[in-house]
Visitor: 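Have a look at the structure that comes next, please.
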Amino acid sequence: MLFSIDNILTSEELNFFIDCLTQGTFVDGKTTAGWHAKRVKNNQQLDQKTPEAQALREQIQSILKKNALFQSAVLPKIVHSVLASRYEDGMSYGTHTDNALMGDQEFWRVDVSFTLFLSDPETYTGGELVIENSDEERSYKLKAGSMIVYPSTTLHRVEPVTQGVRLAIVGWVQSLVRDPANREILFDLDTTRRSIFAKDGKTIEFDLVSKTYTNLLRRWAE
């Protein structure tokens, strides 16, 4: 399931992230790329060892924990990896798929990816995130403070930036539910029961849908 979350950041949170990236130290993005992705990755990333990077990770995790849509659709077990990236003139990230596992001493499965756009789209040219499906490609260039969430299994790329600077945060999640089709079923059920509750309160229909949701989650969760 692929979806966007508009204005997931407040103006204060957006300014916080911009300040972190302005004050932080950047390194070659190839340092965190897999052996095959190194050939097509040309960007800069905030040094993961800096205080700014740690503050950024903690803030992202807090924001996603409070977002009802993200929690319902992704069912995150852990947001285990977060990187801040910068693309200047001529930089891009060619077609690749995200690693199945990420980590150092402990490894986490990579089920869901997200890109949080930090730069106003009018301030840079190019830099679209392109996600490939079986029969088409779709490009995304969201306004600052908005996020696109997509399956980690997809082929995707970042088009070359031809003018300006593209700042973004990318992250990866292990879900409680491995199968994306099952996650979508659970999301539909959760959306339905919340709609019933908002309209009619705790009805028999609400209880039955909640029962089904809970028992399927119990069956599928890892």
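In what follows, every heavy atom counts, from backbone to side chain, and hydrogens, waters and symmetry copies are set aside.
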Visitor: Under the salt bridge (Lys or Arg N to Asp or Glu O under 4.0 Å) test, which residues partner Glu159, sequence neighbours left out?
Guide: Arg157

Visitor: Taking atom CD as the centre, does Glu137 end up with more than 12 heavy-atom neighbours from other residues, nucleotides or ligands that are less than 6.0 angstrom away?
Guide: yes

Visitor: Spell out, yes or no, whether Val74 and Ile185 are grouped together once hydrophobic residues are joined by side-chain heavy atoms under 4.5 Å, including indirect joins.
Guide: no

Visitor: Looking at residues at least two apart in the chain, or sitting in another chain, which of them share a side-chain hydrogen bond (donor to acceptor under 3.5 Å, both in side chains) with Asp104?
Guide: none

Visitor: Please list every donor-acceptor pair under 3.5 Å in which a side-chain atom of residues 59-69 meets a protein atom from a residue at least two apart or in another chain.
Guide:
unit_1 : atom_1 : unit_2 : atom_2 : d
Gln61  : NE2    : Val79  : O      : 3.0
Asn67  : OD1    : Leu69  : N      : 3.3
Asn67  : OD1    : Phe70  : N      : 2.9

Visitor: With Gln54, which residues qualify under side-chain contact (heavy atoms from CB on, under 4.5 Å), at least two apart?
Guide: Arg57, Glu58

Visitor: Below 4.5 Å, heavy atoms only, C-beta onward: do Thr154 and Thr97 meet side chain to side chain?
Guide: no

Visitor: For Ser81, what residues pass the side-chain contact (heavy atoms from CB on, under 4.5 Å) criterion, not counting sequence neighbours?
Guide: Met102, Trp172

Visitor: Is there a path of hydrophobic side-chain contacts, each under 4.5 Å between heavy atoms of I, L, V, M, F, W or Y residues, that connects Leu118 with Val158?
Guide: no

Visitor: If you take all heavy atoms of Val130 and Ser139, which pair is closest and at what distance?
Guide: CG2-CB, 3.9 Å

Visitor: Going by atom types only, do Asp98 and Ser113 share a side-chain donor-acceptor pair under 3.5 Å?
Guide: yes

Visitor: State whether the side chain of Arg166 and the backbone N or O of Tyr87 hold a donor-acceptor pair below 3.5 Å, judged by distance alone.
Guide: no

Visitor: With sequence neighbours left out, what residues match Ser119 under side-chain contact (heavy atoms from CB on, under 4.5 Å)?
Guide: Thr123, Tyr124, Leu167

Visitor: Tyr140, Val173: one ILVMFWY side-chain cluster at the under-4.5 Å cut-off?
Guide: no

Visitor: For Arg194, which residues count as a salt bridge (Lys or Arg N to Asp or Glu O under 4.0 Å) partner, sequence neighbours excluded?
Guide: Asp190

Visitor: Side chains of Tyr93 and Asn43 only: does a donor on one sit below 3.5 Å from an acceptor on the other?
Guide: no

Visitor: More than 12 foreign heavy atoms under 6.0 Å from CD of Glu136: is that the case here?
Guide: yes

Visitor: Kindly write out the residues that satisfy side-chain contact (heavy atoms from CB on, under 4.5 Å) with Ser92, not counting sequence neighbours, or none if the list is empty.
Guide: Pro160

Visitor: Looking only at heavy atoms, what is the nearest atom pair of Phe206 and Lys202, with distance?
Guide: CD2-CG, 3.8 Å

Visitor: Which atom pairs, one a donor and one an acceptor, fall under 3.5 Å between side chains of residues 17-30 and the rest of the protein, sequence neighbours left out?
Guide:
unit_1 : atom_1 : unit_2 : atom_2 : d
Thr22  : OG1    : Ile18  : O      : 2.8
Asp28  : OD1    : Lys30  : N      : 3.0
Lys30  : NZ     : Lys41  : O      : 2.7

Visitor: List the atom of Ser175, the atom of Arg183, and the distance in Å for their closest heavy-atom pair.
Guide: OG-CD, 3.1 Å

Visitor: Only counting residues at least two apart or in another chain, list the ones meeting ring-ring contact (aromatic ring centres under 6.0 Å, His included) with Tyr150.
Guide: His156

Visitor: Considering non-hydrogen atoms only, spot the tightest contact between Lys141 and Thr125 and give its length.
Guide: NZ-CA, 3.9 Å

Visitor: So if you build clusters from Ile, Leu, Val, Met, Phe, Trp, Tyr with side-chain heavy-atom gaps below 4.5 Å, do Ile148 and Ile8 land together?
Guide: no

Visitor: How far apart are the closest heavy atoms of Phe114 and Met147, and which atoms are they?
Guide: CD1-CE, 3.6 Å

Visitor: Whether the side chain of Thr214 engages the backbone of Ser210 through a donor-acceptor N/O pair (distance < 3.5 Å, no angle test) should be reported.
Guide: yes

Visitor: Among all residues two or more places apart in sequence or in another chain, which pass the ring-ring contact (aromatic ring centres under 6.0 Å, His included) test with Phe187?
Guide: none

Visitor: Which residues pass the side-chain hydrogen bond (donor to acceptor under 3.5 Å, both in side chains) test with Glu222, not counting sequence neighbours?
Guide: Arg109, Arg178

Visitor: Does a side-chain heavy-atom distance below 4.5 Å link Val149 with Thr115?
Guide: no

